[in-house]
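Structure, as structure tokens:
These numbers were taken from a predicted model, which means no experiment stands behind them. In what follows, chains are A, B, ... by sequence order, proteins preceding strands, each numbered from 1.
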2 protein chains.
Amino acid sequence: MPAIRRADEKLRDVSRRMILDRTASLLVRQGYGTTSLRDIAQACDMKAGSLYYHFESKDALVEEILTEGVNRVESAVQKALDAMFDAAPLDRVRVAMEVHLRTLHDRSDYASAHIRCFSHVPDDMRRRLRRTRRSYDAVWAGLLEAAQAAGDIAADVDLLTLRFAIIGMLNWTLEWRLPSGAGPEEMADRFYRIAFQGACNA
Amino acid sequence: MPAIRRADEKLRDVSRRMILDRTASLLVRQGYGTTSLRDIAQACDMKAGSLYYHFESKDALVEEILTEGVNRVESAVQKALDAMFDAAPLDRVRVAMEVHLRTLHDRSDYASAHIRCFSHVPDDMRRRLRRTRRSYDAVWAGLLEAAQAAGDIAADVDLLTLRFAIIGMLNWTLEWRLPSGAGPEEMADRFYRIAFQGACNA
DNA sequence: GAAAAATTATAACAGTCGTTAGATAGAAAA
DNA sequence: TTTTCTATCTAACGACTGTTATAATTTTTC
């Protein structure tokens with residue numbers, strides 16, 4: 001189907017990836033229940049039945065996307081943190097915010113699809129996704145605990161609430177269009193400034 | 001249908017309100033596309049066709065719920081602000097956060113349904129909902145401008161970003177279960193402390 | 001009580017849903 | 001070329017969708 005293709009990658013993998021990509025985009029815009037297999041097939045220049053050569057069901061296709069959504073964010077953040085393992089705790093938090101936000105707004109829609117569709121997906125799928133999330137949650141819990149242990153975060157700040165606040169700020173950006181001129185990194189820095197130094201005059 | 005009913009309220013209005021309430025609850029849990037009229041009817045101990053006596057279409061029913069969702073939050077916040085019109089700008093912000101969060105987590109699901117379903121609703125409905133949102137956005141813009149004009153918010157803090165951050169923190173609480181023991185008001189206070197004084201040691 | 005009005009149920013419509021089995025085309029291997 | 005495997009299409013299945021016209025029922029009015 002694609003005109004140009006590296007010799008070492010199978011058509012199978014290319015089509016599979018295309019289906020995943022375009023389905024993710026549809027999921028972001030239309031949601032889980034409103035996106036039909038025929039919608040997906042049309043976006044891939046295919047027929048609905050052909051999708052079953054690559055995926056055993058609609059839910060299997062969706063679940064793979066949403067799972068990859070979390071995993072992409074987690075591995076991007078983890079990679080950035082590993083490259084600065086000896087930095088100051090709060091710097092690590094700031095970088096994690098930047099990478100999280102950048103991954104959310106990059107060209108692919110996997111992470112956005114996860115955020116947009118998570119709560120409306122069938123119960124058993126959501127249960128499995130929740131397990132996948134937990135690993136990423138632990139990354140953040142560790143980051144904030146380290147910063148508080150180092151005395152950089154005030155002792156009376158509840159870390160769970162702080163984590164809610166940070167992730168909420170970042171993920172909620174999907175609901176707005178970011179101010180033109182301010183990329184994800186710039187926005188993340190502004191959020192960092194608000195959450196850690198506060199919006200008030202010091 | 002309901003066993004007990006005040007003498008001065010019409011059966012029509014009671015049924016209509018019940019349909020709205022229960023549909024809102026379904027929308028929160030299942031989303032727009034996955035909630036069928038037969039689901040709704042069953043939740044109301046009715047048949048799907050009977051819903052058309054009260055609403056001219058599924059979308060009309062949904063739109064009324066989502067619109068009321070914003071309006072409830074706005075009027076609750078506005079009412080609280082009117083009762084403290086001469087308070088310090090930041091106190092007004094803190095109270096707005098509390099009322100917003102409390103309305104989001106009260107027994108009715110209108111505001112939650114709006115937040116959960118907004119992005120997956122048909123395009124024309126979403127356009128109209130966006131107009132409704134604008135009025136509430138203006139309330140927040142005014143609140144923050146006043147606080148910055150009074151010198152309570154640092155001059156170099158971008159107010160649009162701050163608004164994103166605050167609304168994002170508050171609305172994202174729908175995706176977690178709030179820490180047991182901390183009600184909406186307590187959580188709002190913690191968020192206020194984070195956003196305005198910062199999580200760092202001063 | 002009967003008559004009128006308001007509210008819900010019934011049953012079907014055309015269309016779409018996820019899914020499947022089998023046919024078909026294309027590329028790779030022989 | 002012939003054969004074999006890969007990838008997609010076709011056409012249909014039963015179930016479900018929003019919606020409608022009409023009938024039945026309940027509630028209110030007299």
The correct set of residues in residues 27-38 of chain B placing a heavy atom under 4.0 Å from DNA chain D is Thr35(B), Ser36(B), Leu37(B), Arg38(B)
| message | Can you see if the side chain of Ser50(A) gets near the phosphate of dA7(D) - specifically, an N or O under 4.0 Å from OP1 or OP2? | response | no
* N/O (side chain, Ser15(B)) to phosphate O (OP1/OP2, dT8(C)) under 4.0 Å -> yes
Give a yes/no verdict on a cation-pi contact between Lys58(B) and Tyr52(B), requiring under 6.0 Å between NZ or CZ and the six-membered ring centre and an angle within 45° of the axis. no
When rounded to whole Å, the CE to C1' distance for the pair Met18(A) and dA7(D) reads 11 Å
Here the residues of residues 55-67 of chain A within 4.0 Å heavy-atom distance, strictly under, of DNA chain C are Ser57(A), Lys58(A)
Residue pairs passing the side chain to side chain donor-acceptor pair (under 3.5 Å) test with at least one member in residues 74-88 of chain B, sequence neighbours excluded, are Glu74(B)-Ser135(B)
Asp13(A) atom CG is separated from dA7(D) atom C1', nearest whole Å, by 13 Å
From CD1 of Ile19(A) across to P of dA7(D) the rounded distance in Å is 11 Å
With sequence neighbours left out, the residues meeting ring-ring contact (aromatic ring centres under 6.0 Å, His included) with Phe164(B) are Trp176(A)
From CG of Leu51(A) across to C1' of dC17(C) the rounded distance in Å is 14 Å
Rounded to whole Å, the CE-P distance (Met46(A) to dA7(D)) equals 11 Å
Heavy-atom nearest pair, Thr103(A) first then Asp106(A), reads O-OD1, 3.0 Å
In whole angstroms, the gap separating C1' of dC9(D) from CG of Asp45(A) amounts to 14 Å
note: Arg16(A), atom CZ; dT8(D), atom P; distance rounded to Å ~ 12 Å
So side chain to side chain donor-acceptor pair (under 3.5 Å) across residues 161-172 of chain A, not counting sequence neighbours, yields His100(A)-Asn171(A), Asp158(A)-Thr161(A), Thr161(A)-Arg190(B)
Self-check item: Steps toward side chain to side chain donor-acceptor pair (under 3.5 Å) verdict (Arg133(A), His114(A))
Solution: CA-CA 10 Å; Arg133(A) 281 183 170 204; His114(A) 177 104; 2.9 Å; yes
For the pair Glu68(A) and Arg17(A), evaluate salt bridge (charged side-chain N to carboxylate O under 4.0 Å, His left out) and give the outcome as yes or no after the intermediate values. CA-CA 12 Å; Glu68(A) 185 163 338; Arg17(A) 181 51 58 187; 3.2 Å; yes
Check: Between dT8(D) and Tyr53(A), is there an OP1 or OP2 to side-chain N/O distance shorter than 4.0 Å?
Finding: no
Sorted by chain and residue number, the ring-ring contact (aromatic ring centres under 6.0 Å, His included) partners of Phe55(B) (sequence neighbours excluded) come out as none
To the nearest angstrom, the OH-C1' distance between Tyr52(A) and dT8(D) comes to 15 Å
Problem - Polar side chain donor-acceptor pair, His54(B) to Ser15(B), under 3.5 angstrom - result: no
